[in-house]
2 protein chains.
Amino acid sequence: MQHTKAGEPQILIDLSTAIIGTDAGTLQCRLVDDGDDAQPRRLPFGPFVPDQHRTMEIGLRQWVGEQVGVELGHVEQLYTFADRGRQHTTPGAPHVVSVGYLALTNQTGRQTRAWRDIYSFFPWEDWREGEPSMLADIIYPALDSWLAQHSERRESARLAFGRDGLAWGEEYVLERYELLYEAGLVAEAFADGRENAAPTPAVPGEPLQLDHRRILATAVGRLRAKLKYRPVIFDLMPLTFTLTQLQHTAETVLGVGLHKQNFRRLVEKSGFVEATGKMSKSRGRPAELFRFRHQERSERPLAGLRVSPGRLRPSDPSP
Amino acid sequence: MQHTKAGEPQILIDLSTAIIGTDAGTLQCRLVDDGDDAQPRRLPFGPFVPDQHRTMEIGLRQWVGEQVGVELGHVEQLYTFADRGRQHTTPGAPHVVSVGYLALTNQTGRQTRAWRDIYSFFPWEDWREGEPSMLADIIYPALDSWLAQHSERRESARLAFGRDGLAWGEEYVLERYELLYEAGLVAEAFADGRENAAPTPAVPGEPLQLDHRRILATAVGRLRAKLKYRPVIFDLMPLTFTLTQLQHTAETVLGVGLHKQNFRRLVEKSGFVEATGKMSKSRGRPAELFRFRHQERSERPLAGLRVSPGRLRPSDPSP
DNA sequence: CCATTTATGCTCAAATTGAGTATAATATCA
DNA sequence: TGATATTATACTCAATTTGAGCATAAATGG
């Protein structure tokens, strides 16, 4: 049995949570407003203290409660990041490992400036209006010039960005971000002291502190993937909603447009929703209001919302 | 910014790896033979030492190399377990957090007694010969009597074990094990000092040290799920193989029988394999030997092997 | 009343899936 | 040697699911 010898550097575990919600066609993430003039740039996070936290989830709920006070629906562990040099560690300080969590909420919070549009951190991820022009204009040229020196990463890049013939896989959010980081094209690469990174990032998209943009990318990727086989989308919805609202939420998360009639057919057949009998009032014909059938969550655990974006189409404008 | 104050108990991270392979119709896991007379009962594991390990994967590869020397194919992080009381911690000792990894190998290793049949730890998971009778005979009665006191866990149990009307979901391996643990029906529950656990476990299935059976359950569950959407099965296969061998491997992992003709159609259409032109010789008609097309791994990343077990059938006997 | 907007119903062909039946190519054994 | 067992592979067929689009309904604002 081999265990740490005394004198080795201490390990500290940070619990960081990406809290995701949607509002008016935007995919939002709750950051912490530390009160100064600067833009909020960090996720709620804090150390895992085994004496106080029987489980890590209890710990994270404490930090979320203290720092942002958002009510959490679905919570899941994402990944544990421990690479040296990705946390701006100062020498001598304990090594920081971060355990990232994804949390969903249906609380819409435009009220505070700490709710930020996730696509401002990953502008290349929003294909609802078609392929973002920045891909062809900025990202691909920059990436290609890096790939010229790193041909061993060619295939990964091809897969992640769905280039020459491959389809854009909306769930490869982390893979894309990591590739841009590796290539020195995002601000964090410079902050972490990577030599190939320029002080001014080549690619648009706001940075976050520490490895928080990485954790957020993991969260969005996981959420997009999970949407297709588990009914997690309902954790983002209010108690009652129209099918169009549900579709807009799905499109906002996935970053692509969906075929309206087929989406409706899919959802109705899934058994996850039931009509309330009430109607919504908006501009055109009133829509029926539905609610999530909680019992179904267990009765059809595998079904989920298997939305297939079909050929990418611009989504209809949000109401 | 909140970080650990001095004097708090130290945290130690263990990297534990479930190395999985198949051999002659068995699903195997590599344990560590510590040389004494006792059965091997632990996964290869060791501490994450940030000074020596730039990443956790480097650390795990060191421990695997030193303790079992198996060559690893696909490696992936599973989950980070940190609940108090699941690691037999002695008071005062540092709190142990374990990061579990799954590794696949095509090395078949009957040579050492340290390769163990995974279904000896989870005998209720092997449905290749139909539903194991122990479920109806032992597990369900025991579980039900616990559920009588814990009705809030009823739905989870229903989902995990696919009872009254629900289908058996082969990927819920961890959920099933955790429920049995919670109910005090497996040996580790007693070892961890849970009050509702009997010294002699109610349910068959060998225990492992520490939380290693939990990690192994996570590994099998993840592998079963992943088989359906990524071509990981080929990391378990030799360089060339017949489609029947491939099917047997899939059945061994999933623990269910599959429809032969449809499996063949699925695999051929997927583009993941190509014929070598050579033939295998066995008892009946010779079968064509195939190899995995590595290029396809990136060309069709989403396809995977979407095997659907159909109505459970006994699988054909292994050659 | 008419144009506009949004919601919902319905059709239709293509592709996929689930479950067989039929046939081919080998080994084994009486 | 020829029948039999064994394994592999080809092909069929109906049911279901998917992708795409057309048509109609119910509201609103002039």
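Quick caveat: nothing in here was measured; it's all calculated off a predicted structure. All chains are named by letter (A, B, ...) in the order of the sequence lines, taking the proteins before the strands, and each is independently numbered beginning at 1.
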Would you mind building the protein contact string for nucleotides 24-30 of chain D? One character per nucleotide, 5' to 3', B for base within reach (heavy atoms under 4.0 Å), S for sugar-phosphate only, - for untouched. -BBSS--
What class does the angle between the rings of Phe234(B) and Phe241(B) fall in, given that below 30° is parallel, 30 to 60° is tilted and above 60° is perpendicular? tilted
Would you say that more than 12 heavy atoms from the other residues, nucleotides or ligands in this model lie under 6.0 Å from the CD of Glu268(A), or not? yes
Between Glu76(B) and Arg230(B), does any NZ, NE, NH1 or NH2 come within less than 4.0 Å of an OD or OE carboxylate oxygen? no
Report yes if at least one side-chain N or O of Lys260(A) is closer than 4.0 Å to OP1 or OP2 of dA7(C); otherwise report no. yes
Can you check the Lys281(B) NZ to dT6(D) C1' distance for me, whole Å? 18 Å
Cation-pi check, Arg163(B) onto Tyr140(B) ring (under 6.0 Å, within 45° of axis): yes
Approximate separation, where rounding is to 0.5 Å, of Tyr119(A) OH and Trp127(A) CH2: 12.5 Å
With the side chain of Lys269(B) defined as its heavy atoms from C-beta on, choose the nearest nucleotide among dT16(C), dA8(D), dT18(D). dT16(C)
Test log, rule side chain to side chain contact (heavy atoms under 4.5 Å, CB included), inputs Trp115(A) and Asp23(A): CA-CA 10 Å; Trp115(A) 280 103; Asp23(A) 192 30; over 6 Å; no
Given atom CZ of Arg264(B) and atom P of dG20(C), what is their separation to the nearest angstrom? 19 Å
Rounded to the nearest angstrom, tell me the gap between atom CZ in Phe263(B) and atom P in dT16(C). 18 Å
Tested for side-chain contact (heavy atoms from CB on, under 4.5 Å) against Val173(B), the lone hit among Ile118(B), Val220(B), Thr218(B) is Val220(B)
Indicate yes or no: does Arg128(A) engage Glu251(A) in a salt bridge with an N to O separation below 4.0 Å. no
Letter by letter from the 5' end, nucleotides 11-16 of chain D scores (B base, S sugar-phosphate only, - none; protein heavy atoms under 4.0 Å) ------
